[in-house]
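Nothing fancy with the numbering, it's 1 onward along the sequence. These figures come from a predicted structure and were not determined experimentally. Heavy atoms only: backbone and side chains are in, while hydrogens, waters and symmetry mates are out.
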Amino acid sequence: MANIKSDKKTIKTSRKHNLQNTSFKSSLKTAIKAVEKAENKEEGNKALVVAFTKLDKACAKGIVHKNYVANQKSRLAKHVNALA
């Protein structure tokens, strides 16, 4: 455990950010799964918009890497386009 006051504050804020990032990642994964489970193209497109928004926000916040975002967006778009 840190003895310096500023280090104690840093630990406190890093724990808070870790919880926020974990929560956001969880909601991101849920949005991605919603796209994958879509039954038809209309459902898929609605879920895709939500997933794209969450992916872009996660990239902007620095939670995930930009290449991961690009890969997921491409993969999900391909999946929705293949739906009948």
- Query: Does some side-chain heavy atom of Q72 sit less than 4.5 Å from a side-chain heavy atom of V64?
  - Reply: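 Not touching, per the 4.5 Å side-chain cut-off.
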- Message: Can you confirm whether K57 sits close enough to T53 that some side-chain heavy atom of one is under 4.5 Å from a side-chain heavy atom of the other?
- Response: yes
- Item | Hphob cluster co-occupancy, V49 + V69, side-chain heavy atoms under 4.5 angstrom |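 V49 and V69: separate clusters.
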- Message: Please tell me whether L48 and L83 are part of a single hydrophobic cluster in this structure, the criterion being side-chain heavy atoms less than 4.5 Å apart.
- Response: no
- Message: Using modelled atom types and a 3.5 Å cut-off, is there a donor and acceptor pairing between side-chain atoms of T10 and backbone atoms of S6?
- Response: yes
Please name the pair of heavy atoms, one in [X] and one in [Y], separated by the smallest distance, quoted to 0.1 Å.
{"X": "L28", "Y": "A51", "answer": "CD1-O, 4.5 Å"}
{"X": "H65", "Y": "N67", "answer": "ND1-N, 3.0 Å"}
{"X": "F24", "Y": "K54", "answer": "CE2-O, 3.6 Å"}
{"X": "A2", "Y": "K8", "answer": "O-CE, 3.2 Å"}

Could you give the distance from [atom1] ([X]) to [atom2] ([Y]), rounded to the nearest 0.5 Å?
{"X": "L76", "Y": "N71", "atom1": "CG", "atom2": "CG", "result": "9.0 Å"}
{"X": "S23", "Y": "N18", "atom1": "OG", "atom2": "CG", "result": "11.0 Å"}
{"X": "D7", "Y": "M1", "atom1": "CG", "atom2": "CE", "result": "9.5 Å"}
{"X": "K37", "Y": "T30", "atom1": "NZ", "atom2": "OG1", "result": "9.0 Å"}
{"X": "Q20", "Y": "T13", "atom1": "CD", "atom2": "OG1", "result": "10.0 Å"}

- Query: Testing V35, V80, I32 for side-chain contact (heavy atoms from CB on, under 4.5 Å) with R75, which one passes?
  - Reply: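 Between R75 and the candidates, side-chain contact (heavy atoms from CB on, under 4.5 Å) is satisfied uniquely by I32.
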- Query: Crowded around E36 CD? As in, over 12 foreign heavy atoms under 6.0 Å?
  - Reply: yes
- Is NZ or CZ of K73 both nearer than 6.0 Å to the six-membered ring centre of F52 and within 45° of the ring axis?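 Yes, cation above the ring, under 6.0 Å and within 45°.
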